[in-house]
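Right, one structure below, let's go through it.
The sequence lines fix the lettering, A, B, ..., with proteins before strands; numbering per chain opens at 1.
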2 protein chains.
Amino acid sequence: MTGSETRWLDPDQQNDWRAYLVGSTLLMDTLDREMRTEHGISMAEYEILVRLSERPDKTLRMAQIAESMQHSRSRVTHTVSRMEKAGLIRREAAEGDKRGVDAVMTAAGWELLQAAAHTHVAGVRAHFVDLADKDDFAALGRVMNAVSDQLLEENPKFEDIREH
Amino acid sequence: MTGSETRWLDPDQQNDWRAYLVGSTLLMDTLDREMRTEHGISMAEYEILVRLSERPDKTLRMAQIAESMQHSRSRVTHTVSRMEKAGLIRREAAEGDKRGVDAVMTAAGWELLQAAAHTHVAGVRAHFVDLADKDDFAALGRVMNAVSDQLLEENPKFEDIREH
DNA sequence: GTTCAAGAGTTGAAAGTTCAACTAACCAGG
DNA sequence: CCTGGTTAGTTGAACTTTCAACTCTTGAAC
């Protein structure tokens, strides 16, 4: 990385980038705050519950959680430990692979998720989705998909982030 | 907050929202990582330097930093302390108000910012701006501006986040 | 000119995240 | 089968962020 001359952003790009930065921070902080005050869990914990809920057996290997959330395994270990202590998740030995650990959503976790999902969607609507028209959102979706694709490609442990 | 029936997102909205979530995380993590490995500062620290650099006297009151970054005062105190220890910022008593503290960018801070700005812009281009066309970006800018406006309005200490 | 609520900033502990080191289990190749 | 290279997950320390309590100053009301 760090090529020769700096190609600065033009004023429009600068504005859009700043708008993105400020808007993102505000949005995420708000959703996180609402989730915490209304249900006592963070957005990260909420998202773990969502991922578990999408599985027929409400179960996911630790590594799968880590990967799908782009979190370190260590972080997942700590977070799941807290959620386990709170009774939202239970740990089980994964069968087949004795190294593995399954995180299983408990009934209490499911209950909490029902309520939390409502809050979350209401927040996403109120602070994001219902704020602009469909086309602008589609555009935003395209951009963010492009971002993900690009970053996931050159992912493999973040080597080769040099001048292509 | 938390009205009666949940109005779920339709599939398109769901997709766009997820794309936003994943893309944002990836993008911010990447920019932060690049900033840390190449210049030893976090994005938050970088942004403080940027804000200071925009002032003719390279100076900002602690509270102004906090407000413009949407950080708590406590957080700014800690961050500025670290940056002061690193020699990037110097603290001075603000004149006029004996309670006040000015954060002043040092020569070392300025030096670092020059290099860091290059990295940052290159990253923003490579992972974001150069990835989609102008119209899509304009749309994204509009959406994120709407988000900011809405959230800043009902800001005053986050009361009245009830049914409008 | 007191009094006292509000504002600016700091402090230290608690909570959460990252980082490096570690254990245990798996899985090739010889 | 055994030897090393991965992979899964945990641990604990270092670091960052949050939270509540605290000090000092300001400014308005009386």
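When the salt bridge (charged side-chain N to carboxylate O under 4.0 Å, His left out) test is applied to A:Glu84, the partners found at least two apart in sequence or on another chain are A:Arg91. Under the rule for a side-chain hydrogen bond (donor to acceptor under 3.5 Å, both in side chains), A:Ser53 has no partner lying at least two apart in sequence or in another chain. Listed by chain and number, the residues in a side chain to side chain contact (heavy atoms under 4.5 Å, CB included) with A:Asp130 are A:Arg125, B:Arg7 (sequence neighbours excluded). Every residue two or more places apart in sequence or in another chain that forms a side-chain hydrogen bond (donor to acceptor under 3.5 Å, both in side chains) with B:Glu54 is listed here: A:Arg18. Not a single salt bridge (charged side-chain N to carboxylate O under 4.0 Å, His left out) links A:Arg75 to another residue, sequence neighbours left out. In terms of the salt bridge (charged side-chain N to carboxylate O under 4.0 Å, His left out) criterion, residue partners of A:Arg99 (sequence neighbours excluded) are, by chain and number, A:Asp97. A:Ser68 meets the side-chain hydrogen bond (donor to acceptor under 3.5 Å, both in side chains) test with A:Arg51; sequence neighbours excluded. Listed by chain and number, the residues in a salt bridge (charged side-chain N to carboxylate O under 4.0 Å, His left out) with B:Asp133 amount to none (sequence neighbours excluded). Remark: B:Arg73 pairs with no residue by the side-chain hydrogen bond (donor to acceptor under 3.5 Å, both in side chains) rule, at least two apart or across chains.
In this entry the distance linking CZ of A:Arg73 with P of D:dT11 reads 15 Å, nearest Å. Distance A:Glu84 CD to D:dG9 P: 14 Å, rounded to the nearest Å.
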Close N/O contacts between protein and nucleotides 26-28 of chain C (under 3.5 Å):
from	atom 1	to	atom 2	distance (Å)
C:dC26	OP1	A:Lys98	N	2.7

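Among the candidates A:His39, A:His127, A:His120, the single residue satisfying the side chain to side chain donor-acceptor pair (under 3.5 Å) test with A:Glu34 is A:His127.
Listed by residue number, the members of residues 55-68 of chain A with any heavy atom below 4.0 angstrom from DNA chain D are A:Arg61, A:Met62, A:Ala63.
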Its contact letters, B for base, S for sugar-phosphate only and - for none at protein heavy atoms under 4.0 Å, make nucleotides 13-19 of chain D read ---SBBB
